[in-house]
Asks: 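Take this structure first; my questions come after.
Fair warning: this is a prediction, and the values are worked out from it, not measured in the lab.
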Amino acid sequence: MNSEKLKIAVLGGTGNIGEGMVLRLALQNLMPEGVKNEIIIGSRSLETAEEAAKKALSELENCGFDTSGISITGMNNFEAAKTAKMAILTIRFDHVLPLLEEIKETLENKIVISPVVPMVKEGSFMAYRPPVEGSAALAIQKNVPETTKVVAAFHNIPAGKLKDVVKCKAVHDALVCSDDEEAKKLVMELTRHMGCLKPLDGGPLKQAATMESLTPLLINLAKLNGLKDLGINFS
């Protein structure tokens with residue numbers, strides 16, 4: 001195993017967003033300028049994580065990709081976070097703080113990426129409901145070690161587009177916020193080589209609330225207008 005590769009834990013990698021992130025990250029290993037990585041799918045269940053890893057490799061093979069240089073493994077959340085240098089939280093907001101309490105000691109000096117959106121269903125529509133800190137990203141920052149670098153990203157990318165690694169043609173803008181410029185730069189580099197995504201610097205972490213609030217708006221717009229997998233583009 002190549003020690004120079006970036007070890008990335010996708011915690012909650014068995015859900016729709018997590019599955020798409022795993023596939024997009026894995027394909028970077030086949031690109032000349034992609035960020036070479038080893039992906040660890042995290043789940044509460046080791047068995048579920050291992051099955052998700054096998055499924056991801058199988059999907060890539062079925063799409064015609066050579067997976068001989070791709071590493072996707074499954075672990076429980078604690079071991080995944082402990083092993084990785086970067087963790088992506090692809091879980092619902094109500095599960096985030098309990099998970100952080102469980103894995104907090106593993107996150108020292110690491111990057112944590114939050115695409116998490118605190119939202120609730122009100123009638124037929126979704127509404128943004130941030131915590132008292134002002135956003136999911138700021139709540140996460142409050143509940144990780146001081147040495148952890150929190151980056152907010154990928155909130156407004158539809159899961160269907162992430163998972164469609166063959167047919168996806170549209171390019172969505174992906175906003176990235178963080179108080180740590182080095183961590184932000186690395187996440188933007190990851191995003192740049194995912195395909196279908198164009199990273200944009202969204203500023204400091206306090207801007208995450210605006211980014212998060214766009215997700216329920218996109219869901220509602222899609223519902224009202226009969227659209228699917230709605231993303232954002234700035235021009």
Asks: Of all heavy-atom pairs between Val187 and Ala153, which one has the smallest distance, and what is that distance?
Replies: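 Residues Val187 and Ala153, closest heavy atoms: CG1-CB, 4.1 Å.
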Asks: How about Lys36: does its NZ atom have over 12 heavy atoms from other parts shown lying under 6.0 Å from it?
Replies: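 Buried by this count: over 12 neighbours within 6.0 Å.
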Asks: Compare all side-chain heavy atoms of Phe125 with those of Met119 and state whether any distance is below 4.5 angstrom.
Replies: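 Sidechains of Met119 and Phe125: no contact.
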Asks: Which value, rounded to the nearest 0.5 Å, describes the distance between Ile8 atom CD1 and Asn37 atom CG?
Replies: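 Atom-to-atom, Ile8:CD1 and Asn37:CG are 4.5 Å apart.
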Asks: Determine, step by step, whether Thr148 and Glu108 satisfy the side chain to side chain contact (heavy atoms under 4.5 Å, CB included) criterion, reporting the C-alpha distance in whole Å, the side-chain angles of both residues, the deciding distance to 0.1 Å, and the verdict.
Replies: CA-CA 5 Å; Thr148 305; Glu108 291 278 2; 5.7 Å; no
Asks: Could you state the interatomic distance from CG (Leu214) to CG (Asn156), rounded to the nearest 0.5 Å?
Replies: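 If we round to the nearest 0.5 Å, Leu214:CG and Asn156:CG are 5.0 Å apart.
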Asks: Would you name the heavy atoms of Ala56 and Leu23 that are closest together and state the gap between them?
Replies: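 For Ala56 versus Leu23, the nearest heavy atoms are O-CD2, 3.8 Å.
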Asks: Do Ile232 and His172 have side chains that get closer than 4.5 Å, going by heavy atoms?
Replies: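 With C-beta onward as the side chain, the pair stays apart.
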Asks: Got Glu101 and Pro98 here, is their nearest side-chain heavy-atom distance under 4.5 Å?
Replies: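 In short, these two side chains do not touch, never coming nearer than 4.5 Å.
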Asks: With rounding to the nearest 0.5 angstrom, report the CD1 to NZ distance, Ile39 to Lys5.
Replies: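 If we round to the nearest 0.5 Å, Ile39:CD1 and Lys5:NZ are 9.5 Å apart.
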Asks: Quick one: do the Ser178 and Asp180 side chains pair a donor with an acceptor below 3.5 Å?
Replies: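 Per modelled atom types, Ser178 and Asp180 side chains form no pair under 3.5 Å.
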Asks: Considering all heavy atoms of both residues, which atom of Glu189 and which atom of Glu33 are nearest to each other, and what is their separation?
Replies: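 Glu189 and Glu33 have their closest heavy atoms at OE2-O, 4.4 Å.
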Asks: State, with a plain yes or no, whether a side-chain heavy atom of Asn29 is found less than 4.5 Å away from one of Thr67.
Replies: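 The answer is no; the side chains never approach within 4.5 Å.
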Asks: Check whether Gln28 reaches the backbone of Leu190 with its side chain - one donor and one acceptor, N or O, closer than 3.5 Å.
Replies: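 Pair found, side chain donor or acceptor close to backbone of Leu190.
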Asks: Backbone N or O of Ala137 within a donor-acceptor pair of the Glu212 side chain at under 3.5 Å?
Replies: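 Such a contact is found between Glu212 side chain and Ala137 backbone.
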Asks: Starting at NZ of Lys85, measure out to CD1 of Ile40 and round the result to the nearest 0.5 Å.
Replies: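 CD1 of Ile40 is found 10.5 Å from NZ of Lys85.
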Asks: For residues Ala26 and Leu60, report the shortest heavy-atom separation together with the two atoms involved.
Replies: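 Scanning both residues completely, I find the closest heavy atoms to be CB-CD1, 3.8 Å.
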Asks: For Arg44, does the CZ atom sit with more than 12 other heavy atoms under 6.0 Å from it, leaving out its own atoms?
Replies: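 No, not enclosed.
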Asks: Find out if a path of hydrophobic residues (ILVMFWY) with successive side-chain heavy-atom gaps under 4.5 Å connects Met126 to Leu217.
Replies: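 Not linked; separate clusters.
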Asks: I'd like to know whether Lys161 forms a salt bridge (charged side-chain N to carboxylate O under 4.0 Å, His left out) with Asp229, so could you lay out the CA-CA distance, the side-chain angles of the two residues, the decisive distance to 0.1 Å, and finally the verdict.
Replies: CA-CA 7 Å; Lys161 294 290 176 66; Asp229 293 333; 5.5 Å; no
Asks: Could you check Asn76, Thr90, Val96, Leu89 and say which one makes a side-chain contact (heavy atoms from CB on, under 4.5 Å) with Leu11?
Replies: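 Considering Asn76, Thr90, Val96, Leu89, a side-chain contact (heavy atoms from CB on, under 4.5 Å) with Leu11 is found only for Leu89.
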Asks: Does Met86 share a hydrophobic cluster with Val151, counting links as ILVMFWY side-chain heavy atoms below 4.5 Å and allowing steps through other members?
Replies: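 In one cluster: yes.
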Asks: Check the pair Ile41 / Thr73 against side chain to side chain contact (heavy atoms under 4.5 Å, CB included), numbers first and verdict last.
Replies: CA-CA 6 Å; Ile41 296 176; Thr73 56; over 6 Å; no
Asks: Show the numbers, then the answer: is there a side chain to side chain contact (heavy atoms under 4.5 Å, CB included) between Lys223 and Ser124?
Replies: CA-CA 9 Å; Lys223 181 179 178 65; Ser124 300; 3.8 Å; yes
Asks: Hey, does Pro131 have a side-chain heavy atom less than 4.5 Å from the side chain of Pro118?
Replies: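 The answer is yes, as the side chains (C-beta and beyond) meet within the 4.5 Å cut-off.
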Asks: Hey, quick one: are Ile88 and Met75 part of the same hydrophobic cluster, counting side-chain heavy atoms closer than 4.5 Å, chains of contacts allowed?
Replies: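 They do not share one cluster, since no chain of ILVMFWY contacts under 4.5 Å joins Ile88 to Met75.
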Asks: Can any side-chain N or O of Thr215 pair as donor or acceptor with the backbone N or O of Val117 at less than 3.5 Å?
Replies: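 It does not hold such a pair.
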Asks: Start with the C-alpha distance between Lys185 and Glu182, add both sets of side-chain angles, then the distance that settles salt bridge (charged side-chain N to carboxylate O under 4.0 Å, His left out), and finish with yes or no.
Replies: CA-CA 5 Å; Lys185 182 179 179 180; Glu182 185 177 343; over 6 Å; no
Asks: Enter the distance from Ile157:CD1 to Thr191:OG1 here, rounded to the nearest 0.5 Å.
Replies: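 Ile157 atom CD1 to Thr191 atom OG1 measures 8.0 Å (nearest 0.5 Å).
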Asks: From Glu38 CD over to Ile72 CD1, what is the distance, rounded to the nearest 0.5 angstrom?
Replies: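 The CD1 atom of Ile72 is 11.5 Å from CD of Glu38, to the nearest 0.5 Å.
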Asks: Where is the tightest heavy-atom contact between Gly42 and Ala80, given as atom of each residue plus distance?
Replies: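 Reported closest heavy-atom pair: CA-CB, 4.0 Å.
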Asks: Is there side-chain contact between His155 and Ser213, with heavy atoms separated by less than 4.5 Å?
Replies: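 His155 does not reach Ser213 side chain to side chain.
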Asks: Could you tell me if the side chain of Tyr128 sits less than 4.5 Å from the side chain of Ser135, heavy atoms only?
Replies: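 Heavy-atom side-chain distance check passes, below 4.5 Å.
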Asks: Quick one: list whatever passes salt bridge (Lys or Arg N to Asp or Glu O under 4.0 Å) with Glu102, sequence neighbours left out.
Replies: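 Listed in chain order: nothing, the list is empty.
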Asks: Any side-chain to backbone donor/acceptor pair from Asp164 onto Gly160? Under 3.5 Å, distance only.
Replies: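 Answer holds: no.
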Asks: Applying a strict under-4.5 Å side-chain criterion to I, L, V, M, F, W and Y, I'd like to know whether Ile113 and Val144 cluster together.
Replies: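 No, separate clusters.
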Asks: Closer than 3.5 angstrom, by distance alone: can the side chain of Ser43 be matched with the main-chain N or O of Leu46 as a donor-acceptor pair?
Replies: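 No; judged by distance alone, with no hydrogens or angles, the pair does not exist.
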Asks: Is the side chain of Asp66 donor-acceptor paired with the backbone N or O of Ser68 at a distance under 3.5 Å, no angle test?
Replies: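 Yes; at least one donor-acceptor contact below 3.5 Å.
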Asks: Indicate, with yes or no, if Met211 and Met188 share a hydrophobic cluster defined by side-chain heavy-atom contacts under 4.5 Å among Ile, Leu, Val, Met, Phe, Trp and Tyr.
Replies: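 Different clusters.
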Asks: Do you know the tightest heavy-atom contact between Leu97 and Asn143?
Replies: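 So the two residues come closest at CD2-ND2, 3.6 Å.
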Asks: Between Lys110 and Ala81, is there a donor-acceptor pair closer than 3.5 Å when you use the side chain of the first and the backbone of the second?
Replies: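 Yes: the side chain of Lys110 pairs with the backbone of Ala81.
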Asks: Taking it one step at a time, do Phe234 and Leu175 satisfy side chain to side chain contact (heavy atoms under 4.5 Å, CB included)?
Replies: CA-CA 10 Å; Phe234 297 96; Leu175 306 178; 3.8 Å; yes
Asks: Within the structure provided, determine whether Cys196 and Val171 are in side-chain contact (heavy-atom separation under 4.5 Å).
Replies: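 Not in contact.
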Asks: What pairs with Lys163 under salt bridge (Lys or Arg N to Asp or Glu O under 4.0 Å), at least two apart in sequence or on another chain?
Replies: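 Result, salt bridge (Lys or Arg N to Asp or Glu O under 4.0 Å) vs Lys163: Glu19.
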